[in-house]
Amino acid sequence: MLKKAMGSKVNISKAENPNAVLYMACVGDLLENSEVRELDRFEQHTGTSRLQHSLNVSYYSFLISKFLHCDYRSAARAGILHDLFFYDWHTDKTSESHVFRHPKEALRNAEELTDLNDIEKDAIINHMFPLSSGIPRYKESYVVSVADKYSAALEFTSQMGRKVKKKLAFQS
């Protein structure tokens with residue numbers, strides 16, 4: 001099982017950390033689900049699995065929503081489920097752009113997996129805002145969208161940092 005979100009020092013499985021306990025109460029059932037676990041087989045961003053990316057989005061959505069006194073449970077759950085699709089978007093090309101296709105597939109898959117409330121549905125379908133065709137209706141949807149972009153940037157810069165370190169080590 002994944003232990004933490006990238007950039008975070010909090011081990012989500014540690015019972016001593018109140019945020020970890022509350023976070024796991026929100027999403028623990030999803031993280032144990034075999035379909036969600038299957039996301040670990042797909043690369044999302046360079047060097048990051050789709051499961052790790054989803055955990056990153058989920059955990060930061062949870063923290064931001066909690067800080068803003070929003071529905072942190074719905075934001076955390078939508079973060080785990082926002083990219084619940086099972087194709088390699090780097091190579092699987094169709095007539096519909098991945099930007100528009102994957103939120104619909106993720107929502108369909110999430111609805112088959114668990115009951116979703118309106119906030120979770122909206123956050124999943126609109127997480128690509130402003131590129132998506134819809135406009136988020138809830139604060140938590142905006143939070144998930146921002147956390148998705150933050151996580152993607154974090155994952156990209158983390159991978160770039162590893163490449164730079166490797167190059168510098170090779171040159172010395």
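Values below: every heavy atom of this structure, side chains too, minus hydrogens, waters and symmetry copies.
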Under a single-linkage definition using a 4.5 Å side-chain heavy-atom cutoff for Ile, Leu, Val, Met, Phe, Trp and Tyr, are [X] and [Y] assigned to the same hydrophobic cluster?
| X | Y | value |
| --- | --- | --- |
| Val27 | Leu84 | yes |
| Val146 | Leu63 | no |
| Tyr60 | Leu22 | yes |
| Phe86 | Leu113 | yes |
| Tyr59 | Leu30 | yes |

Polar contact flag, side-chain donor to acceptor under 3.5 angstrom, [X]-[Y]:
| X | Y | answer |
| --- | --- | --- |
| Tyr23 | Ser58 | yes |
| Asn117 | Ser74 | yes |
| Asn109 | Glu35 | no |
| Asp83 | Ser54 | no |

Could you tell me if the side chain of [Y] sits less than 4.5 Å from the side chain of [X], heavy atoms only?
| X | Y | answer |
| --- | --- | --- |
| Asn126 | Pro103 | no |
| Leu107 | Leu116 | yes |
| His127 | His102 | yes |
| Ile125 | Lys104 | yes |
| Asn11 | Asn17 | no |
| Thr114 | Asn33 | no |
| Arg73 | Glu120 | yes |
| His82 | Val57 | yes |

So does [X] have more than 12 non-hydrogen atoms from other groups sitting under 6.0 Å from [atom1]?
| X | atom1 | value |
| --- | --- | --- |
| Ile135 | CD1 | no |
| Lys14 | NZ | no |
| Tyr142 | OH | yes |

About how many Å separate [atom2] of [Y] and [atom1] of [X], when rounded to the nearest 0.5 Å?
| X | Y | atom1 | atom2 | result |
| --- | --- | --- | --- | --- |
| Asp71 | Asp118 | CG | CG | 11.0 Å |
| Leu154 | His53 | CG | NE2 | 11.0 Å |
| Ser61 | Asn56 | OG | CG | 10.5 Å |

Are any side-chain N or O atoms of [X] and backbone N or O atoms of [Y], one a donor and one an acceptor, separated by less than 3.5 Å?
| X | Y | result |
| --- | --- | --- |
| Ser65 | Phe62 | no |
| Asp148 | Val144 | no |
| Thr48 | Glu155 | no |
| Ser141 | Arg137 | no |

Legend entry - Nearest heavy-atom neighbours spanning Ser49 and Leu39: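 Closest heavy-atom pair between Ser49 and Leu39: CB-O, 4.3 Å.
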
Legend entry - Test side chain to side chain contact (heavy atoms under 4.5 Å, CB included) applied to Tyr72 and Val143, step by step: CA-CA 10 Å; Tyr72 56 81; Val143 168; over 6 Å; no

Legend entry - Lys/Arg-Asp/Glu bridge criterion (N-O < 4.0 Å) met for Asp115, Arg77: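 So Asp115 does not pair with Arg77 through a salt bridge.
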
